[in-house]
Amino acid sequence: KLWNLQDCKRVHTIPLEAGVTKAAFHRENELLAVANDQFELMVFDPARKCLVRRWADATAIITGLAFSPDARWLVSSSMDRTIRVYDLPSGSRIDQFVCEHAPTSLAFSPPRDFLATP
């Protein structure tokens, strides 16, 4: 559900087929990334009320989502110990690597030169 914080009213409901486990919002381009309990990752444009991208290649619960500062990439972490990098303009997964332990969250540094995980 999307809410207007000025008057606390719901402005839109995005129909989803599974429960949401994670969400991330990019302030500048206003894209919303959502992970669900079926290991899917979706990117929505709330202003246009439409689905922009969808990936279903995770094999475990998605534990973290982060947009790169320029909103070109979306990065996800999951309980299968992987970090996946998606290119939003092309809709392609451009990288994947395995961590020693399952990352429970992740974040980009502002200049986009580091990705931090616990």
Side-chain angles (χ1 to χ4, degrees):
K1 295 177 179 127
L2 301 174
W3 301 86
N4 180 332
L5 293 178
Q6 294 181 353
D7 62 9
C8 298
K9 292 188 180 182
R10 186 175 56 203
V11 294
H12 182 65
T13 300
I14 299 169
L16 298 172
E17 299 165 8
V20 172
T21 58
K22 288 289 175 190
F25 191 74
H26 192 277
R27 259 189 259 178
E28 279 111 35
N29 71 5
E30 298 184 348
L31 290 178
L32 173 67
V34 174
N36 69 26
D37 58 12
Q38 293 180 350
F39 317 146
E40 294 176 308
L41 183 56
M42 294 158 282
V43 178
F44 294 94
D45 182 339
R48 293 184 6 222
K49 298 178 181 163
C50 67
L51 177 67
V52 176
R53 296 280 185 242
R54 176 183 228 140
W55 297 278
D57 59 346
T59 59
I61 291 288
I62 295 169
T63 58
L65 293 174
F67 283 101
S68 62
D70 63 1
R72 181 170 177 88
W73 296 344
L74 178 64
V75 180
S76 70
S77 59
S78 68
M79 288 304 293
D80 62 6
R81 299 180 13 235
T82 60
I83 292 179
R84 292 175 173 86
V85 182
Y86 302 94
D87 181 71
L88 288 170
S90 71
S92 302
R93 185 180 72 203
I94 58 171
D95 203 357
Q96 174 178 318
F97 54 96
V98 179
C99 301
E100 185 177 344
H101 302 284
T104 55
S105 63
L106 43 83
F108 271 98
S109 64
R112 196 180 90 174
D113 51 352
F114 292 102
L115 181 68
T117 64

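Fair warning: this is a prediction, and the values are worked out from it, not measured in the lab.
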Q: For T82 versus P103, what's the shortest heavy-atom pair and its separation?
A: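 Taking T82 first and P103 second, the nearest heavy atoms are O-CG, 4.4 Å.
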Q: Measuring from atom CD of Q96 to atom CZ of R84, what distance do you get when rounded to the nearest 0.5 angstrom?
A: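 Spacing of CD (Q96) from CZ (R84) equals 4.0 Å.
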Q: From D70 CG over to N29 CG, what is the distance, rounded to the nearest 0.5 angstrom?
A: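 D70 atom CG to N29 atom CG measures 9.5 Å (nearest 0.5 Å).
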Q: Could you report the tightest heavy-atom contact between P46 and E30, atom names first, then the distance?
A: CD-O, 3.0 Å
Q: Can V85 be reached from L74 by stepping across I, L, V, M, F, W or Y side chains whose heavy atoms are under 4.5 Å apart?
A: no
Q: Among V34, L31, V52, find the residue that satisfies the side chain to side chain contact (heavy atoms under 4.5 Å, CB included) test when tested with F44.
A: V34
Q: Is there a donor-acceptor pair under 3.5 Å between the side chain of R53 and the backbone N or O of L88?
A: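 Here the side-chain-to-backbone pair exists.
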Q: Start with the C-alpha gap between T104 and T63, add the side-chain angles, then the distance that decides, and say whether side-chain hydrogen bond (donor to acceptor under 3.5 Å, both in side chains) holds.
A: CA-CA 5 Å; T104 55; T63 58; over 6 Å; no
Q: Identify the heavy atoms of R81 and A102 that sit nearest to each other, and give their distance.
A: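 Nearest heavy atoms, R81 then A102: CG-N, 3.6 Å.
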Q: To the nearest 0.5 Å, how far apart are CD in E17 and CG in N36?
A: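 Those atoms lie 8.0 Å apart.
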Q: Write down the atom of Y86, the atom of D57, and the distance for their closest heavy-atom approach.
A: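 Closest heavy-atom pair between Y86 and D57: OH-OD1, 2.6 Å.
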Q: Out of the candidates T59, T21, I61, D80, only one should pair with F39 under the side chain to side chain contact (heavy atoms under 4.5 Å, CB included) rule; please name it.
A: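 Of the listed options, the one satisfying the test is I61.
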Q: Nearest heavy-atom pair of D87 and R72: which atoms, and what distance?
A: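 D87 and R72 have their closest heavy atoms at OD1-NE, 3.0 Å.
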Q: If hydrophobic clusters are built from ILVMFWY residues whose side chains come within less than 4.5 Å, do V20 and F25 share one?
A: yes
Q: Determine whether F97 and W73 fall in the same hydrophobic cluster, where Ile, Leu, Val, Met, Phe, Trp and Tyr are linked whenever their side-chain heavy atoms lie under 4.5 Å apart.
A: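 Linked within one cluster.
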Q: Once the angle between the rings of F67 and H26 is folded into 0 to 90°, is it parallel (under 30°), tilted (30 to 60°) or perpendicular (over 60°)?
A: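 The rings of F67 and H26 stand perpendicular, inter-plane angle above 60°.
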Q: Are F108 and L106 grouped together when hydrophobic residues (ILVMFWY) are joined by side-chain heavy atoms under 4.5 angstrom apart?
A: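 Same cluster: F108 reaches L106 through Ile, Leu, Val, Met, Phe, Trp or Tyr contacts under 4.5 Å.
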Q: Which atom pair, heavy atoms only, marks the closest approach of K49 to V11?
A: NZ-O, 4.2 Å
Q: With the 4.5 Å side-chain cut-off for hydrophobic clustering, are L32 and M42 part of the same group?
A: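 Per the 4.5 Å side-chain linkage, L32 and M42 are co-clustered.
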Q: Find the distance between CG (L65) and OG (S77) and round it off to the nearest 0.5 Å.
A: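 It comes to 7.5 Å.
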